[in-house]
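Notes follow once the structure below has been shown.
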Amino acid sequence: MARNYASADVVGIDKLLDFVRPRHRMVLTTFRVDGSLQSSPVTGGVDEQGRIVIASYPQRAKSVNIGRTPRASVTVLSDEFNGPYVQIDGDAEVMGLPDAVEPLVDYFRSISGEHPDWAEYRQAMVDQGKCLIRITPTRWGPVATGGFPPPR
């Protein structure tokens with residue numbers, strides 16, 4: 001049986017964003033009022049400014065936490081469990097309605113492409129009371145895979 005060896009590739013911002021763009025499964029970690037961590041599985045994308053974007057609701061713990069402590073960490077996962085991943089830390093913000101409508105359109109495009117009815121989508125975002133979380137990467141770990149330590 002072949003062994004899978006762990007990897008840890010240090011990358012710059014451009015390669016980091018190239019890695020993240022096709023991956024939409026993430027775990028977002030924010031800070032509770034007592035400083036402890038709160039993690040949520042989320043779907044995310046990358047906007048044109050190179051920020052990680054996540055749709056949410058203003059009353060959700062992640063949004064409230066970021067509103068109070070504007071920092072977050074997101075672990076970007078591959079579709080396959082043993083695939084590569086990366087942790088990204090950064091400055092975070094929550095954008096509410098009505099300002100979030102067009103950025104939510106960009107969020108949808110970054111994940112799913114074109115919508116068949118953008119007016120309907122925009123109205124759904126307003127009706128649902130959505131908000132958009134944006135994380136500007138300030139530091140990140142290597143793009144890593146699990147496995148055995150590499151041979152010496």
Side-chain angles (χ1 to χ4, degrees), residues 4-32 37-147:
N4 290 329
Y5 291 105
S7 65
D9 299 325
V10 176
V11 297
I13 188 71
D14 292 336
K15 288 195 180 208
L16 172 73
L17 296 176
D18 287 344
F19 175 81
V20 174
R21 279 187 185 94
R23 291 168 173 83
H24 307 296
R25 296 178 182 179
M26 304 177 183
V27 177
L28 174 66
T29 302
T30 60
F31 299 92
R32 293 184 179 110
L37 302 176
Q38 188 273 325
S39 295
S40 303
V42 297
T43 301
V46 177
D47 71 9
E48 290 184 8
Q49 289 75 37
R51 297 175 292 212
I52 308 300
V53 289
I54 299 162
S56 188
Y57 297 93
Q59 66 273 26
R60 299 289 177 148
K62 57 187 150 282
S63 301
V64 172
N65 291 343
I66 289 170
R68 185 181 48 254
T69 305
R71 295 182 294 123
S73 182
V74 63
T75 301
V76 179
L77 306 168
S78 292
D79 287 341
E80 60 283 352
F81 183 75
N82 289 324
Y85 64 92
V86 67
Q87 178 179 328
I88 303 167
D89 302 328
D91 299 323
E93 65 178 323
V94 178
M95 176 181 275
L97 296 171
D99 296 335
V101 172
E102 291 309 311
L104 283 162
V105 167
D106 294 336
Y107 160 83
F108 185 97
R109 280 189 174 124
S110 76
I111 295 171
S112 300
E114 293 301 313
H115 190 279
D117 186 338
W118 283 116
E120 176 186 72
Y121 176 82
R122 286 177 176 94
Q123 189 60 52
M125 296 300 96
V126 171
D127 292 347
Q128 294 173 26
K130 289 284 208 170
C131 67
L132 186 71
I133 295 170
R134 298 192 298 198
I135 302 163
T136 301
T138 56
R139 82 176 180 187
W140 50 92
V143 174
T145 59

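Small disclaimer: the values here were computed from a predicted structure and weren't measured. We count residues from 1, following the sequence as given.
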Hey, are the side chains of [X] and [Y] touching, using non-hydrogen atoms and a 4.5 Å cut-off?
X      : Y      : value
Ile133 : Tyr107 : no
Gln49  : Arg134 : no
Val126 : Pro98  : no
Ser78  : Arg23  : yes
Leu28  : Met26  : no
Val64  : Gln59  : no
Leu104 : Phe108 : no
Ile88  : Val20  : yes

Problem set entry | Contacts of type side chain to side chain donor-acceptor pair (under 3.5 Å), residue Thr145, not counting sequence neighbours | Ser7
Problem set entry | side chain to side chain donor-acceptor pair (under 3.5 Å) involving Gln38 - partner list, sequence neighbours excluded | Thr30, Ser40
Problem set entry | Val143: which of Val76, Val86, Val10 passes side chain to side chain contact (heavy atoms under 4.5 Å, CB included) | Val86
Exercise. Rounded to the nearest 0.5 Å, how far does CG of Leu132 lie from CG of Leu97?
Worked result: 10.0 Å
For this session: Starting at CG of Leu16, measure out to CG of Asp9 and round the result to the nearest 0.5 Å.
Result: 12.0 Å
Please identify each residue that fulfils side chain to side chain contact (heavy atoms under 4.5 Å, CB included) with [X], with sequence neighbours left out.
X      : result
Asp117 : His115, Ala119, Glu120
Ser39  : Val27, Thr29
Arg109 : Val105, Asp106, Glu114, Trp118

For this session: Enumerate the residue pairs fulfilling salt bridge (charged side-chain N to carboxylate O under 4.0 Å, His left out) with a member in residues 55-75, sequence neighbours excluded, ordered by first and then second residue.
Result: none
For this session: Name all residues meeting the ring pair (Phe, Tyr, Trp, His ring centres under 6.0 Å) criterion together with Tyr85; count only those two or more places apart in sequence or in a different chain, and write none if there are none.
Result: none
Exercise. Who are the ring pair (Phe, Tyr, Trp, His ring centres under 6.0 Å) partners of Tyr57, not counting sequence neighbours?
Worked result: none
Listed partners of [X] passing salt bridge (charged side-chain N to carboxylate O under 4.0 Å, His left out), at least two apart:
X     : answer
Arg25 : Asp79
Asp89 : Arg139
Glu48 : none
Arg21 : Asp18

Measure across [X] and [Y] and return the closest heavy-atom pair with its distance rounded to 0.1 Å.
X      : Y      : result
Thr138 : Gly90  : OG1-CA, 3.4 Å
Gly50  : Pro137 : O-CD, 3.4 Å
Pro58  : Cys131 : N-SG, 3.6 Å
Pro103 : Met95  : CG-SD, 3.5 Å
Gly44  : Ile54  : CA-CG1, 4.2 Å

